[in-house]
Amino acid sequence: EVQLQASGGGLVQAGGSLRLSCAVSGFDFDMQAIGWFRQVAGKEREGVSCIGSADDRTYYADSVKGRFTISHDKAKNTVYLQMNSLRPEDTAVYYCAADSLSPVAMCRRSPEYGMDYWGKGTLVTVSS
């Protein structure tokens, strides 16, 4: 059983930065990746960035490439999402998740499917 706790959301002006944290506890032998997803009310879930839990392979959605960086501090069991050059369209509730899929498969999975584990969301609001 894996537990995920996301934090770090807040209000920031366009062009600013935020760092989200996802604290991971527990263990699941099948867990292959941890990722960040976001959702705006009325829109589908979007896979933002995912990272391999063992090999640190990464995936980024085109909408965040060059602006967001995902990293995994294994000593702290925490996955970070550094978000720079934030835009109003980045406003969303951000969730971290863990799954047995690869990072690419996890992030690109159709929103109609769930993930093995979800954390509670953290709200990111970017003002123009």
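Please read these numbers as outputs of a predicted model, since none were measured by experiment.
Leu18 and Gly8 get closest at one heavy-atom pair: CD2-O, 3.9 Å. The shortest heavy-atom contact between Ala98 and Met31 is CB-SD, 3.3 Å. Closest non-hydrogen pair, Ser128 versus Pro88, comes out as CB-CG, 3.8 Å. The two atoms that bring Pro103 and Cys50 nearest to each other are O-CB, 3.4 Å, heavy atoms only. The heavy-atom pair separating Arg67 from Ser85 by the smallest distance is NH1-O, 3.0 Å. When all heavy atoms of Asn84 and Ser17 are compared, the closest pair comes out as OD1-OG, 2.9 Å.
No donor-acceptor contact under 3.5 angstrom links the side chains of Asp73 and Thr78, judged on distance only. Looking only at atom types and distance, the side chain of Glu46 has a donor-acceptor partner in the side chain of Ser63 under 3.5 Å away. With hydrogens and angles left out, the side-chain atoms of Ser25 and Gln3 include a donor and acceptor closer than 3.5 Å.
In this structure, the side chains of Val79 and Ile70 come closer than 4.5 Å at one or more pairs of heavy atoms. Two residues are said to be in side-chain contact when any heavy atoms from C-beta on lie closer than 4.5 Å; Leu20 and Met83 meet this criterion. Using a 4.5 Å heavy-atom cutoff, the side chains of Met115 and Arg109 are in contact. Side-chain contact between Val48 and Phe68 is present, with heavy atoms from C-beta onward closer than 4.5 Å.
One distance of note links CD of Gln39 with OH of Tyr94; it measures 12.0 Å at 0.5 Å rounding. Here the straight-line distance linking atom OG of Ser127 with atom CG of Leu11 works out to 5.0 Å at 0.5 Å rounding. The distance from atom CD of Glu89 to atom CZ of Arg38, rounded to the nearest 0.5 Å, is 8.0 Å. With rounding to the nearest 0.5 angstrom, the SG atom of Cys96 is 8.0 Å from the CD1 atom of Ile34. Between Gln32 atom CD and Asp116 atom CG the span is 10.5 Å, to the nearest 0.5 Å. Taking CH2 of Trp36 as the reference point, atom SG of Cys22 lies at 5.0 Å (rounded to 0.5 Å).
Checking side-chain atoms of Thr91 against main-chain N and O of Thr125 turns up no donor-acceptor pair under 3.5 Å. Without hydrogens or angle criteria, Ser49 side chain to Tyr59 main chain gives a donor-acceptor distance under 3.5 Å. Not a single donor-acceptor pair under 3.5 Å links the side chain of Ser110 to the backbone N or O of Tyr113.
By the salt bridge (charged side-chain N to carboxylate O under 4.0 Å, His left out) test, Asp28 pairs with no residue at all, sequence neighbours left out.
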Before you tell me yes or no, could you show the steps for Glu1 and Tyr117 under side-chain contact (heavy atoms from CB on, under 4.5 Å), namely the whole-Å CA-CA distance, both residues' side-chain angles and the distance that decides it to 0.1 Å? CA-CA 8 Å; Glu1 187 74 15; Tyr117 303 100; 4.1 Å; yes
Derivation of the side-chain contact (heavy atoms from CB on, under 4.5 Å) call for Val24 and Val2: CA-CA 7 Å; Val24 183; Val2 173; 3.9 Å; yes
For a side-chain contact (heavy atoms from CB on, under 4.5 Å) check, start with the C-alpha distance between Arg57 and Ser102, then their side-chain angles and the critical distance, and finish with the verdict. CA-CA 9 Å; Arg57 289 176 298 161; Ser102 70; 4.2 Å; yes
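No single ILVMFWY cluster, assembled from side-chain heavy atoms under 4.5 Å apart, contains both Val64 and Tyr80. If you chain together hydrophobic residues whose side chains sit under 4.5 Å apart, Leu81 and Val126 fall into the same group.
Aromatic pair Trp118/Phe37: ring centres closer than 6.0 Å.
Contact check on Asp90 versus Arg87 returns no salt bridge, with no Lys/Arg side-chain nitrogen under 4.0 Å from an Asp/Glu carboxylate oxygen.
Summarising the local packing, NZ of Lys74 is surrounded by more than 12 heavy atoms from other residues, nucleotides or ligands at distances under 6.0 Å.
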